[in-house]
Amino acid sequence: MNFANELVQWYQENKRDLPWRHTTDPYVIWLSEIILQQTRVEQGMPYFNRFLAHYPTVTDFANATEDDILKLWQGLGYYSRGRNMLKTAQLVQAQFNGKFPSAYEDLIKLKGIGDYTASAISSFAANEAHAVLDGNVFRVLARYFGINEPINSTKGIKQFKLLANDVLNRNQPSIHNQAMMEFGAMLCKPKNPACGTCPVRIGCEAFKTNATTYLPVKLKTVKVKERFFNYFLTFKNGEVLMNKRTGSDIWNGLYDLPLIESDDLLTISEILELEKTKIYFGSKVTVKEVYGLQKHVLTHQRLIIRFIWLENEPHFMEADWFYTNVENLKKLALPKIIFLFLTNFFKFENNSLFSI
DNA sequence: GTCCCGTCCT
DNA sequence: AGGACGGGAC
């Protein structure tokens with residue numbers, strides 16, 4: 001039996017029972033695949049269930065607002081996925097009459113759907129012969145065939161793409177694709193792969209040469225930028241001053257507090273002396289309380305965050321600032337660190353995050 | 001630190 | 001082609 005068939009057999013005996021594996025509805029598969037991009041199954045699962053409960057069809061999804069989607073997406077990260085999903089749902093509603101496409105050529109044109117997701121949906125929903133190439137598949141192929149080419153180089157991606165489609169079982173692309181990924185996730189893991197129980201270890205180059213630790217090869221590590229976020233907490237008539245984030249920075253579309261970013265770690269008095277602080281709050285500022293420093297680590301950034309509670313009301317309001325009461329605050333999509341701070345500050349019994 | 005059922009922007 | 005984009009788990 002060849003490599004791919006061995007993995008399919010392993011898959012049928014060892015696969016996890018995941019909800020999106022019980023359907024061929026391209027909409028449901030799309031939902032699961034976007035949520036699972038760069039996200040572990042265990043982390044994505046509750047979000048998948050929530051989204052499906054809120055939006056059983058793509059038409060329901062298309063009728064949502066961006067605020068609705070981002071609130072449901074809160075805490076999952078890579079928020080452009082949620083924003084792109086809404087655009088795609090609206091386009092599917094308008095141009096495909098609410099019938100979610102399952103053909104690769106249609107899917108690849110949609111926002112938020114790249115080669116991986118188009119291959120996944122078209123193979124799972126319509127059994128089209130497109131090999132998926134995700135982090136798992138890269139790893140399995142690199143190890144089994146002993147390939148040193150970096151998986152994130154242009155040359156490497158081309159090579160792996162060819163290889164993945166070469167080993168693809170064209171009689172059952174759906175099961176084949178799922179088997180490759182499940183095998184990578186459950187057995188051929190990044191660290192401490194279970195070579196002892198691996199059904200294909202006899203033919204595996206990495207096993208034979210004891211190289212699983214060094215494969216796959218990946219170029220460069222991301223450099224982490226350090227940023228200092230000085231947040232201000234102010235109230236008027238019991239309402240808190242909030243900010244809607246726009247532009248191309250992190251957390252686009254989510255809500256946080258009025259912010260002054262600094263290049264270095266400043267003392268409280270230094271922050272209050274900043275020109276920007278004076279423009280916003282005047283030169284006579286009364287600090288009621290300071291919370292922080294807190295560290296918040298993202299993939300490319302390390303945020304050093306402080307919250308400064310001021311008695312003052314702003315002299316100048318940015319266009320994206322607004323006051324809101326606590327009840328409405330609970331409905332806003334907040335970055336994790338802001339959500340944690342405000343939840344703690346206001347002592348929410350906030351379960352809105354996981355209520356359906 | 002690395003990786004997760006990647007994609008978009010420049 | 002390179003960089004940006006969250007958060008959690010190990």
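Just so we're on the same page: letters track the sequence lines, and every chain starts at 1.
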### Query
Whole Å only: how far is the CH2 atom of A:Trp73 from the P atom of C:dG7?
13 Å
### Message
Check this for me, if you would: do A:Lys208 and A:Glu205 make a salt bridge, where the nitrogen-to-carboxylate-oxygen distance has to be below 4.0 angstrom?
### Response
yes
### Query
Hey, does the side chain of A:Arg81 reach the backbone of A:Ile35 with a donor-acceptor pair shorter than 3.5 angstrom?
yes
### Message
In this structure, how many angstroms lie between the C1' atom of C:dC5 and the CG atom of A:Leu76, rounded?
### Response
13 Å
### Task
Determine which nucleotide pairs with C:dA9, using a 3.5 Å limit on both distances of a Watson-Crick or G-U wobble pair.
B:dT2
### Message
Does A:Arg83 form a side-chain contact (heavy atoms from CB on, under 4.5 Å) with A:Asn252? I'd like the steps, not just the answer.
### Response
CA-CA 9 Å; A:Arg83 298 194 302 269; A:Asn252 183 16; 3.5 Å; yes
#### Entry: Mutual orientation of the aromatic rings belonging to A:Phe145 and A:Phe3 [parallel < 30°, tilted 30-60°, perpendicular > 60°]
perpendicular
### Query
In the structure shown, which nucleotide is the Watson-Crick or G-U wobble counterpart of C:dA4, with both distances under 3.5 Å?
B:dT7
### Task
Classify the side-chain pair A:Gln90/A:Lys87 by whether it contains a donor and acceptor separated by less than 3.5 Å.
no
### Query
Expressed as a whole number of Å, how far does the C1' atom of B:dC5 sit from that of C:dG3?
23 Å
### Summary
In 5'-to-3' order, the base (B), backbone-only (S) or no-contact (-) status of each nucleotide in nucleotides 4-10 of chain B, using a 4.0 angstrom heavy-atom cut-off, is BBBSSS-
### Query
Taking the inter-plane angle between the rings of A:Tyr291 and A:Trp309 on a 0 to 90° scale, is it parallel (under 30°), tilted (30 to 60°) or perpendicular (over 60°)?
parallel
### Message
Counting only heavy atoms and a strict 4.0 angstrom limit, can you tell me which residues of residues 243-262 of chain A come near DNA chain C?
### Response
A:Ser248, A:Asp249, A:Ile250, A:Trp251
#### Entry: For atom CD1 of A:Ile151 and atom P of B:dT2, their distance in whole Å
12 Å
### Query
Under 3.5 Å, is there a donor-acceptor pair linking the side chains of A:Asn177 and A:His130?
no
### Check: A:Ile29 main-chain N/O paired with A:Ser32 side-chain donor or acceptor under 3.5 Å
yes
### Query
Which whole-number value in Å describes the distance from A:Asn152 CG to B:dT2 P?
12 Å
### Query
Tell me: NE2 of A:His300 to P of B:dC3, nearest whole Å?
13 Å
### Message
Rounding to an integer number of Å, can you tell me how far A:Arg302 CZ sits from B:dG1 P?
### Response
8 Å
### Task
Describe, in one word, how the ring planes of A:Phe48 and A:Trp20 are oriented to each other, choosing from parallel (under 30°), tilted (30 to 60°) and perpendicular (over 60°).
perpendicular
#### Entry: Heavy atoms from other residues, nucleotides or ligands near CG of A:Asp249 exceed 12 (cutoff 6.0 Å)
yes
### Task
Starting at atom CG of A:Asn192, determine the distance to atom P of C:dA9, rounded to an integer number of angstrom.
19 Å
### Query
Mapping A:Thr154 and A:Ile337 onto DNA chain C by nearest heavy atom, which one lands closer to the 5' end?
A:Thr154
### Whole-Å P distance, B:dC9 and C:dG6
14 Å
### Message
I'd like the P distance from C:dA1 over to B:dC4, given in whole Å.
### Response
23 Å
### Query
C:dG3 phosphate, OP1 or OP2: any side-chain N/O from A:Lys225 under 4.0 angstrom?
no
### Task
Can you tell me the distance, in whole Å, between the CZ atom of A:Phe138 and the C1' atom of B:dC3?
14 Å
